[in-house]
Amino acid sequence: MAVKEEVIDILNTIIGEDISDQMDDDFFESGLLDSMATVELLLDLEGKFDIQAPVSEFDRNEWNTPNKVVNKVESLIG
Amino acid sequence: MLNIQPYADPKYFVILLLALAPLAIGLYFGKRFALYEVIVSLVFIFLMFNGSKYHEGYALVIYMIWQWLLVWAYTLYRKKSNNSWVFYGATFLGALPLVLIKIAPAANWTHVSTLLGFMGISYLTFRSVAMIMETRDGSIKDFDPWLFLRFMLFMPAISSGPIDRYRRFVKDIVTVPTREKYVAMLEKAVWYFFLGFLYKFILAYILGTLLLPHVEHLTLLSASAHHGWSWWLIAVMYVDGLYLFFDFAGYSLFAVATSYVMGIELPMNFNKPFLAKNLKDFWNRWHMSLSFWFRDYIFMRLVFLMMKKKWFKSRVTISNIAYIANMLIMGFWHGLTWYYIAYGLFHGVGLVINDAWLRYKKKHNVPHNKFTEILAIIITFHVVMISFLLFLGFLDKLWFQ
């Protein structure tokens, strides 16, 4: 599976609904993701992609849409 | 001897803006006069702690040497190694002066308060402890003694925030905003200064100086007849709660406006907190630089730890524990009195209930319209006002003194 599909998969599980049609929506603004879910996301991404995503690296402005998360993960995989 | 407290009276603003004028002219022409900025900052900080407050000045110097050595030493260590206990130790040592200052009044350690206490110690501690945590995470890699001092002692925010973040601050301070951007920042600064005047010198003055003593007096008078309760208490709640907002929001606007003049975008502290739709929303709007600090450095890290180590199965349990711990720590930070701790507990439990309600609402498709939204805003406002009544300590005066 490509990185994008896997990230969407993780997001769908955490959020509890399909977000693949709202790839550029700010999920903090819509309340779909909160701090709690964010930590789940970071841990799931660490587990899935073998990347380091500490809380300090989590800048809300850089992680606030599904597309941005995909980009972040791709850059962290390098 | 001359002692000048920040943003205390109109004269201060005249002196401040005159002192910052060369800096502003430089920024307008694309130059940042770093040395001049440091000198002006140090002069204003000196004047804050001059005269009757000289012992606070000494405490600040001792404190800065302590934090400077600590963050430096930890950064050096972190380049070689990454032991969790060393990290916990460094965090503890970073927080230690503040912890001692908070325990001192309750334990009657007057010498500790005189030796270590100064206005703004909390806000400096938030900055340095955050740096230690980000260094642990590998997000801050090097210790720059000069930038560390400029970050910690950034004059507009030294006494009461807003609490900036090191990496964000450094991004601003090593560059110069474009002229277009800087002019927009100056426009905002003017607006914030005048809004701050309205908040602090008019509204907070009317509420805190004119109305509050009056309603407090009436509440205390009618208290004895009704076991401490009276309708006047509700007036105290509104007046004191609104005073708290206008006083602190006014101060924060001054700090942000001053930093904009200096070409630094200090984060805002308030975003229409009384229009919050629930308690969680409230904490995303009230004293934001503090609540986001607690969210990022306490709540999220606690959740991270509990999830990674799998201490609890249920994510609801984890978030509830983290909410209560987070808010209790905030309560203890305010001070070791029953009403600050109760205030923390109140908000911790409030956030747990709030989350349960949000889950219920999602699951059962509770109807949502303009009317329910307004109702939610009114309920949230009153829950917050009740918590402020607790926080402000008037109940202690009313019931126990």
Side-chain angles (χ1 to χ4, degrees), chain A residues 6-22 25-66 68-78, chain B residues 78 82 87 129-141 165-168 171 267 277-278 280-281 283-284 288 291-310 314-323 326 351-352 354-355 358-359 361-363 368:
Chain A
E6 295 203 60
V7 170
I8 292 174
D9 224 35
I10 290 173
L11 280 169
N12 285 347
T13 316
I14 291 173
I15 290 173
E17 56 183 85
D18 187 16
I19 48 95
S20 55
D21 58 341
Q22 34 189 319
D25 291 3
D26 184 326
F27 40 53
F28 293 116
E29 211 139 272
S30 60
L32 283 177
L33 213 69
D34 59 8
S35 318
M36 180 74 198
T38 301
V39 178
E40 278 186 290
L41 174 65
L42 293 178
L43 281 166
D44 285 356
L45 293 177
E46 272 192 20
K48 192 94 194 169
F49 299 106
D50 193 29
I51 51 173
Q52 287 294 312
V55 177
S56 293
E57 285 304 314
F58 178 79
D59 179 337
R60 255 159 221 261
N61 298 321
E62 293 172 14
W63 289 79
N64 55 354
T65 71
K68 285 191 190 173
V69 175
V70 173
N71 289 340
K72 266 282 171 196
V73 172
E74 277 169 348
S75 75
L76 283 169
I77 293 171
Chain B
R78 183 61 185 82
N82 185 17
F87 163 67
V129 168
M131 279 185 78
I132 293 172
M133 293 195 189
E134 295 193 2
T135 303
R136 207 257 161 135
D137 279 353
S139 301
I140 299 176
K141 291 190 167 57
R165 308 284 174 95
Y166 179 74
R167 285 178 292 159
R168 202 217 63 76
K171 240 187 248 166
K277 295 187 199 69
N278 59 53
K280 211 163 159 182
D281 189 22
W283 282 108
N284 284 327
M288 285 138 70
S291 71
F292 294 168
W293 192 95
F294 271 82
R295 177 193 72 198
D296 294 348
Y297 298 104
I298 295 187
F299 181 86
M300 285 178 72
R301 275 156 216 274
L302 261 178
V303 169
F304 195 88
L305 189 71
M306 286 190 277
M307 278 189 171
K308 191 155 192 168
K309 306 258 175 198
K310 301 201 168 62
S314 142
R315 62 187 299 275
V316 176
T317 312
I318 290 178
S319 86
N320 288 351
I321 292 172
Y323 276 136
N326 189 65
L351 286 170
V352 169
N354 185 68
D355 247 27
L358 290 181
R359 276 195 306 275
K361 216 177 122 186
K362 199 170 175 182
K363 202 169 153 194
H368 177 98

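Each chain gets a letter, A, B and so on, in the order its sequence line appears, and its residues count up from 1. None of these values were measured; they are calculated from a predicted model.
- Heavy-atom neighbours of Asp50(A) CG from other residues, nucleotides or ligands within 6.0 Å: at or below the threshold of 12.
- In this view, Arg359(B) and Val316(B), Asp355(B), Ala356(B) satisfy the side-chain contact (heavy atoms from CB on, under 4.5 Å) rule, not counting sequence neighbours.
- Using a 4.5 Å cut-off between heavy atoms, Gln52(A) does not touch chain B at all.
- In this structure, chain A has heavy atoms under 4.5 Å from both the backbone and the side chain of Met307(B).
- Taking non-hydrogen atoms and a 4.5 Å limit, the residue list of residues 31-38 of chain A in contact with chain B, ordered by number, reads Asp34(A), Ser35(A), Met36(A), Ala37(A), Thr38(A).
- The candidate from Gly138(B), Ser319(B), Ala130(B) with the greatest count of non-hydrogen atom pairs under 4.5 Å with chain A is Ser319(B).
- Environment of CD in Glu29(A): sparse, with no more than 12 heavy atoms of neighbouring residues, nucleotides or ligands closer than 6.0 Å.
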Using residues 295-305 of chain B as the side-chain source, report each donor-acceptor pair under 3.5 Å to any protein atom, sequence neighbours left out, with the distance given to one decimal.
{"unit_1": "Asp296(B)", "atom_1": "OD2", "unit_2": "Arg165(B)", "atom_2": "NH1", "d": "3.1"}
{"unit_1": "Asp296(B)", "atom_1": "OD2", "unit_2": "Arg165(B)", "atom_2": "NH2", "d": "3.1"}
{"unit_1": "Tyr297(B)", "atom_1": "OH", "unit_2": "Glu134(B)", "atom_2": "OE2", "d": "2.4"}
{"unit_1": "Arg301(B)", "atom_1": "NE", "unit_2": "Asp296(B)", "atom_2": "O", "d": "3.1"}
{"unit_1": "Arg301(B)", "atom_1": "NH1", "unit_2": "Asp137(B)", "atom_2": "OD2", "d": "3.1"}
{"unit_1": "Arg301(B)", "atom_1": "NH2", "unit_2": "Ser56(A)", "atom_2": "OG", "d": "3.2"}

All N/O donor-acceptor pairs, side-chain side in residues 71-78 of chain A, below 3.5 Å, sequence neighbours left out:
{"unit_1": "Lys72(A)", "atom_1": "NZ", "unit_2": "Glu62(A)", "atom_2": "OE1", "d": "2.9"}
{"unit_1": "Ser75(A)", "atom_1": "OG", "unit_2": "Lys72(A)", "atom_2": "O", "d": "2.8"}

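- For Arg167(B), the part sitting under 4.5 Å from any heavy atom of chain A is the side chain, from C-beta outward, and nothing else.
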